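Quick note on labels: first sequence line is chain A, next is B, and so on, each numbered from 1. Small disclaimer: the values here were computed from a predicted structure and weren't measured.
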Protein chains: 4
Amino acid sequence: MARPLSEEKRGALLEAASDLIAQLGTGASTAKIAKAAGVSEGTLFTYFPSKDDLLNDLFVEIESELAQTMLAPYPMEASARDRLLIVWSRLIEWGLNHSTARKALLQLKVSDRVTAQSRQRCHAMFFDSRSMVEQCLAGHAAPERIAFYIDTILFELADITMNAIAAKPKEREVIQQAGFDLFWKGSAA
Amino acid sequence: MARPLSEEKRGALLEAASDLIAQLGTGASTAKIAKAAGVSEGTLFTYFPSKDDLLNDLFVEIESELAQTMLAPYPMEASARDRLLIVWSRLIEWGLNHSTARKALLQLKVSDRVTAQSRQRCHAMFFDSRSMVEQCLAGHAAPERIAFYIDTILFELADITMNAIAAKPKEREVIQQAGFDLFWKGSAA
Amino acid sequence: MARPLSEEKRGALLEAASDLIAQLGTGASTAKIAKAAGVSEGTLFTYFPSKDDLLNDLFVEIESELAQTMLAPYPMEASARDRLLIVWSRLIEWGLNHSTARKALLQLKVSDRVTAQSRQRCHAMFFDSRSMVEQCLAGHAAPERIAFYIDTILFELADITMNAIAAKPKEREVIQQAGFDLFWKGSAA
Amino acid sequence: MARPLSEEKRGALLEAASDLIAQLGTGASTAKIAKAAGVSEGTLFTYFPSKDDLLNDLFVEIESELAQTMLAPYPMEASARDRLLIVWSRLIEWGLNHSTARKALLQLKVSDRVTAQSRQRCHAMFFDSRSMVEQCLAGHAAPERIAFYIDTILFELADITMNAIAAKPKEREVIQQAGFDLFWKGSAA
DNA sequence: AATGAATGAGCGTTCATTCAT
DNA sequence: GATGAATGAACGCTCATTCAT
């Protein structure tokens, strides 16, 4: 009976990959990643058959964490705007608390080594959150534009806003609010 | 005397670099770029002392083209909204007409091989366009947020919009308008 | 665990380097050296982090072998002149038996890629031999010139002598003796 | 009628080559040498068909200058020892006054790109000086060893002595004398 | 004759991956 | 399962030399 794969090592590898990819881009070498994770070069390949697999798994892992965060319960009695504001705040907060992961994600999104399939898988993980936001926008935005606001604008606008906050951390409150206002007012029918 | 540097070859190299970087990221090899440009590997380095120089020059080149496009005259008698709509349309049109350049730009922006200095140089090239947009927003948006709307939101939102259009080219008109509306309504005081 | 570094391969690399550097100078390529050693190009760099390291290690290695040879016991009852003659003979013999190593050494000494530190390390390895020679010269040479004779003249004169022998191997005995006589008589007070 | 080759440019190229080879070894690039000489890369090759030719011509040039120096008249009435001392002094003085040329020479001697023919040509240039030294040693050294002393020892010993002086310039007088004494006393029959 | 752009082989080095231990 | 030595194809870049100007 062989030794089982250690979840701990897998995690260390993903974290090391996240750090190094954030820093150096997807060109970060497997040797460096393995070393940063405290395992040998060969071990990386028992957890991820190839570097592409590591990249894709990392992408899914990070998106998955974000999706989990978004899934936390929302106060159902709050107004649509207020619930959407919570979505917005969670997005921003997660990004600021996971800035390396976010940087890594940026690199991964832009790389053609992350497959369409991985992207699709991640998209699916946001199904519930998406539905929730859909409800929030239901009475507020033009129905035919709702898909555009959610799928195209919301997350990307949050990303932009986070970049602005990252550049001027002291103005976080103001920028965060300005970003939300832009989205809310801009999406009004 | 001797043979003069050929602007044609320089152009071919930049174009080849643009294509391959759009496709493969900044990891695209100088050998491939030279081959695609129809010159020998060594020749690349007579035009660009190093790959980093090529990357930076390409970045500046692309941004410069975009900046030129934005600089074309605007009808001074048009309303603020209409003039901003022209800005928006030019941005989108340029992006759609130069989709590889835009993809390459995306990769370059995300790479730390493009220096702060190059980014600064490009930022400066948009000074006039920026002033113009500032005037458009003057009576429309809250004064303290105008900088945020221009420096952080406008171009990035256009990028997002272009991505959406690229994914669904048939809905171009609709998406382009939805993006503009979001910006205009969202930025109203 | 894993495969241990093979002392055999390291040796083969150093020997191949010695041969090729003797022949072609320090410009001998790592690819040629690896091939001559029967390992792949990459393997060279698992044994020596860089070509400079290889060069320095080789320098130290060769000097070390020579130093070992010189360290063999000397008949304590022999006269100063006779003991010095043994030093001289060992020097010449080593040189003739290791003519490629000696040629390589010549190239390495002349290269600025061999660091001051490596040279210092090697100098130190001859400390005991140096002391012995010092004793031999003690009653024979002018005290203020002993350092000059040892540090500057002895080894270099042996080198010159070896070159002469290499050019006319048949006259080895005569040349070897002539070289020694020059040193012994020339250094007399 | 084509433009004649300029002796000035040829000289500048040889001098630049001397400097750079002294500094960087024979690996110094033709481009750097041309630049240092203030001519274009291509021009180097109208004066020297190949880098090997440049190397060989430089070797001959430097040796030739030294040979010229040695050829200056000697006081015929002086004793053999005194005349030999003049030879020795000129050798040392030339070396100290032309330290870059000497360093370059060292690199060239050790390189297999300098052909046996070039070496032979240089050897021949010292014919007269050699005869003169031969006369000086005639009544002093064992006849069968005179060739060894002249061809093998004299110049090389001077080289060694110069290195020692270069390392400790303040002790020039002492070292220069010690070197000569070693040669004179060492070569006595 | 002079120039320097053009060339492609070669350089030292890195890399993802394999496999003996 | 874990290790890290082994591999050889690429990589970015340099070079001696050629040749259009």
Side-chain angles (χ1 to χ4, degrees), chain A residues 1-6 9 27-35 38-55, chain B residues 1-6 9-10 27-35 38-55 113, chain C residues 1-6 9-10 27-35 38-55 113, chain D residues 1-6 9 27-35 38-55:
Chain A
M1 191 169 64
R3 210 179 318 181
L5 287 172
S6 134
K9 273 176 190 159
S29 76
T30 50
K32 270 188 185 129
I33 292 169
K35 188 171 188 179
V39 306
S40 71
E41 298 179 39
T43 296
L44 187 152
F45 290 92
T46 78
Y47 287 83
F48 306 94
S50 75
K51 188 179 178 182
D52 277 12
D53 288 294
L54 170 59
L55 258 26
Chain B
M1 291 96 231
R3 204 178 315 183
L5 280 173
S6 136
K9 269 175 194 155
R10 200 187 118 93
S29 77
T30 50
K32 274 187 185 132
I33 292 169
K35 190 169 189 180
V39 303
S40 76
E41 296 184 37
T43 297
L44 186 151
F45 293 95
T46 76
Y47 287 84
F48 307 95
S50 72
K51 187 178 178 183
D52 278 12
D53 286 293
L54 169 59
L55 258 25
R113 303 178 73 168
Chain C
M1 292 98 234
R3 207 177 317 184
L5 281 172
S6 134
K9 268 173 195 155
R10 200 187 119 93
S29 77
T30 50
K32 272 186 185 132
I33 293 169
K35 190 169 188 178
V39 303
S40 76
E41 297 183 37
T43 296
L44 186 152
F45 292 94
T46 76
Y47 287 83
F48 307 94
S50 73
K51 187 178 178 183
D52 278 12
D53 286 293
L54 169 60
L55 259 25
R113 302 179 72 168
Chain D
M1 189 169 64
R3 208 177 321 179
L5 287 173
S6 135
K9 273 177 190 159
S29 75
T30 50
K32 271 188 185 130
I33 292 169
K35 188 171 189 180
V39 305
S40 72
E41 297 178 40
T43 297
L44 186 150
F45 290 92
T46 79
Y47 287 83
F48 307 93
S50 74
K51 188 178 178 182
D52 278 10
D53 288 294
L54 169 60
L55 259 24

**OP:** Could you tell me the separation between the NZ atom of B:Lys35 and the C1' atom of F:dA10, rounded to a whole number of Å?
**Re:** 14 Å
Original post:
Stems in DNA chain F: runs of 3 or more consecutive Watson-Crick or G-U pairs, distances under 3.5 Å?
Top reply: E:2-21 with F:2-21
**OP:** Could you encode protein contacts along nucleotides 7-13 of chain E as a string, one character per nucleotide from 5' to 3', using B for base contact, S for sugar-phosphate-only contact and - for no contact, with a heavy-atom cut-off of under 4.0 Å?
**Re:** BB--SBB
**OP:** Using atom types as modelled and distance alone, determine if a side-chain donor or acceptor of B:Tyr47 lies under 3.5 Å from a backbone N or O of B:Leu5.
**Re:** no
**OP:** Could you state the atom-to-atom distance from CZ of B:Arg3 to P of F:dT21 in whole Å?
**Re:** 6 Å
**OP:** Considering non-hydrogen atoms only, spot the tightest contact between D:Ala34 and D:Ser40 and give its length.
**Re:** CB-O, 3.6 Å
**OP:** May I have the distance from C:Leu5 (atom CG) to F:dT3 (atom P), rounded to whole angstrom?
**Re:** 16 Å
**OP:** First locate atom CD of A:Glu41, then atom OG of A:Ser29, and finally report the distance between them rounded to the nearest 0.5 Å.
**Re:** 8.0 Å
Original post:
Are any of A:Tyr47's side-chain N or O atoms less than 4.0 Å away from OP1 or OP2 of F:dG1?
Top reply: no
Original post:
How far does CG of B:Leu54 sit from OG1 of B:Thr30, to the nearest 0.5 angstrom?
Top reply: 8.5 Å
**OP:** Write down the atom of C:Lys51, the atom of C:Phe45, and the distance for their closest heavy-atom approach.
**Re:** N-CE2, 4.2 Å
Original post:
Which whole-number value in Å describes the distance from A:Phe48 CZ to F:dG1 C1'?
Top reply: 15 Å
